[in-house]
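When reading the values below, keep in mind they use all heavy atoms of this one structure, side chains included, and skip hydrogens, waters and symmetry mates.
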Amino acid sequence: MYLLADTETTLPCSITDAFDYVADLENFARWFPGVESITATDELAVGVVGKSYLETVILPIGATLTIPVHVCEACAPVRLATEGNLALLRPRMEIDLSPVDAEHCVIRWRMYSRVGTRLLQWTLLPVIAIIMQRRAKIGLRNLAQLLGADRGRPQLGCSL
């Protein structure tokens with residue numbers, strides 16, 4: 001796998017609250033830049049292996065693309081991983097959470113490409129990595145502010 005982005009931050013809520021929020025991928029567009037929408041395509045519970053979604057992303061050129069995504073790993077409240085069906089990128093998102101105390105946790109967000117082609121790893125993937133790392137930093141900052149606002153703290157606006 002090729003690492004595209006890796007960032008972490010401390011969230012102002014319990015690990016359980018954080019996992020419940022991020023595992024419901026329909027919330028993803030609220031905090032992660034470049035995601036226009038994400039909707040469940042089945043009736044499985046949130047945060048379980050096999051749960052499927054359709055994610056509409058905004059490409060850097062402004063066009064949108066809809067990608068089938070499924071949960072491939074889930075271990076509440078510490079880990080969630082998804083994989084998307086986009087042939088050129090074959091994305092894998094990993095979210096790991098660890099408690100700090102009863103009201104704070106650390107989230108680590110990573111995006112990988114499962115593409116094995118060296119040509120793509122030397123050409124397209126480094127460009128995508130720059131974009132994804134920038135979006136990841138903004139996304140985690142947005143998430144921390146959003147979860148803080150849900151607890152009565154002021155929410156600051158952030159966007160890409």
Side-chain angles (χ1 to χ4, degrees), residues 1-11 15 18-99 105-147 158-160:
M1 283 194 295
Y2 183 95
L3 181 64
L4 297 170
D6 185 352
T7 193
E8 69 179 42
T9 195
T10 300
L11 299 176
I15 189 173
F19 184 86
D20 290 347
Y21 190 81
V22 299
D24 183 351
L25 293 179
E26 291 188 349
N27 291 323
F28 197 51
R30 292 186 67 203
W31 59 274
F32 201 88
V35 177
E36 185 173 278
S37 66
I38 186 163
T39 55
T41 60
D42 60 37
E43 299 299 319
L44 291 175
V46 167
V48 299
V49 172
K51 179 79 175 160
S52 296
Y53 298 88
L54 284 178
E55 178 180 18
T56 302
V57 297
I58 303 167
L59 302 174
I61 60 172
T64 60
L65 181 65
T66 300
I67 304 164
V69 174
H70 69 278
V71 175
C72 59
E73 289 181 46
C75 182
V78 296
R79 183 165 173 79
L80 183 80
T82 66
E83 292 182 348
N85 283 340
L86 177 60
L88 189 60
L89 186 60
R90 297 188 63 219
R92 177 181 172 93
M93 177 181 73
E94 295 180 356
I95 297 172
D96 291 298
L97 297 154
S98 55
C105 65
V106 172
I107 183 172
R108 182 175 184 195
W109 187 94
R110 290 180 302 254
M111 177 66 71
Y112 294 92
S113 170
R114 296 174 289 134
V115 170
T117 308
R118 293 243 186 253
L119 178 62
L120 287 176
Q121 290 179 357
W122 292 338
T123 57
L124 183 61
L125 294 184
V127 174
I128 293 172
I130 293 167
I131 294 165
M132 291 308 300
Q133 185 65 37
R134 181 173 180 229
R135 287 181 178 184
K137 287 180 180 178
I138 293 168
L140 289 192
R141 185 174 63 222
N142 289 345
L143 180 62
Q145 292 171 347
L146 181 64
L147 292 176
C158 292
S159 62
L160 180 64

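Between Ile58 and Arg135, the shortest heavy-atom contact is O-NH2, 3.2 Å. Closest non-hydrogen pair, Tyr21 versus Asn27, comes out as O-ND2, 3.1 Å. The nearest pair of heavy atoms linking Glu73 to Val71 is O-CG1, 3.5 Å. In plain terms, the two heavy atoms of Leu89 and Ser113 that are nearest each other are O-OG, 2.6 Å. Among all heavy-atom pairs drawn from Pro60 and Ile131, the shortest one is CG-CD1, 3.4 Å. Here the closest heavy-atom approach between residue Glu94 and residue Ala81 is recorded as CG-CB, 4.1 Å.
For the side-chain contact (heavy atoms from CB on, under 4.5 Å) test with Leu88, the passing option among Leu125, Thr117, Leu124 is Leu124; the others fail.
Here the CE-CZ distance, from Met111 to Phe32, works out to 6.0 Å after rounding to the nearest 0.5 Å. Atom CD in Glu83 sits 5.0 Å away from atom CZ in Arg92 (nearest 0.5 Å). Expressed to the nearest 0.5 Å, how far OH of Tyr53 lies from CG of Asp24 amounts to 5.5 Å. Atom OG1 of residue Thr82 and atom CD1 of residue Ile95 lie 7.0 Å apart, to the nearest 0.5 angstrom. One distance of note links CD1 of Ile130 with CG of Leu4; it measures 11.0 Å at 0.5 Å rounding. Note that CD of Gln133 is 8.0 Å distant from CG of Leu3, once rounded to the nearest 0.5 Å.
With hydrogens and angles ignored, the 3.5 Å screen pairs no side-chain donor or acceptor of Lys51 with any backbone N or O of Val46. Between the side chain of Arg30 and the main chain of Asn142, no donor-acceptor pair closer than 3.5 Å is present. For Asn85 (side chain) and Pro68 (main-chain N/O), no donor-acceptor pair under 3.5 Å exists by modelled atom type.
At least one side-chain heavy atom of Leu80 sits less than 4.5 Å from a side-chain heavy atom of Phe19. Leu140 is listed as a side-chain neighbour of Trp31, based on a closest heavy-atom distance under 4.5 Å. Between Met132 and Pro91 the shortest side-chain heavy-atom distance does not fall below 4.5 Å.
With sequence neighbours left out, Asp96 forms a side chain to side chain donor-acceptor pair (under 3.5 Å) with Arg79, Arg110. Considering only residues two or more places apart in sequence or on other chains, Thr41 meets the side chain to side chain donor-acceptor pair (under 3.5 Å) condition with none of them.
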Problem - Derivation of the side-chain contact (heavy atoms from CB on, under 4.5 Å) call for Arg108 and Val106 - result: CA-CA 7 Å; Arg108 182 175 184 195; Val106 172; 5.5 Å; no

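Note on residues 60-72: pairs passing side-chain hydrogen bond (donor to acceptor under 3.5 Å, both in side chains), not counting sequence neighbours, are Thr56-Thr66.
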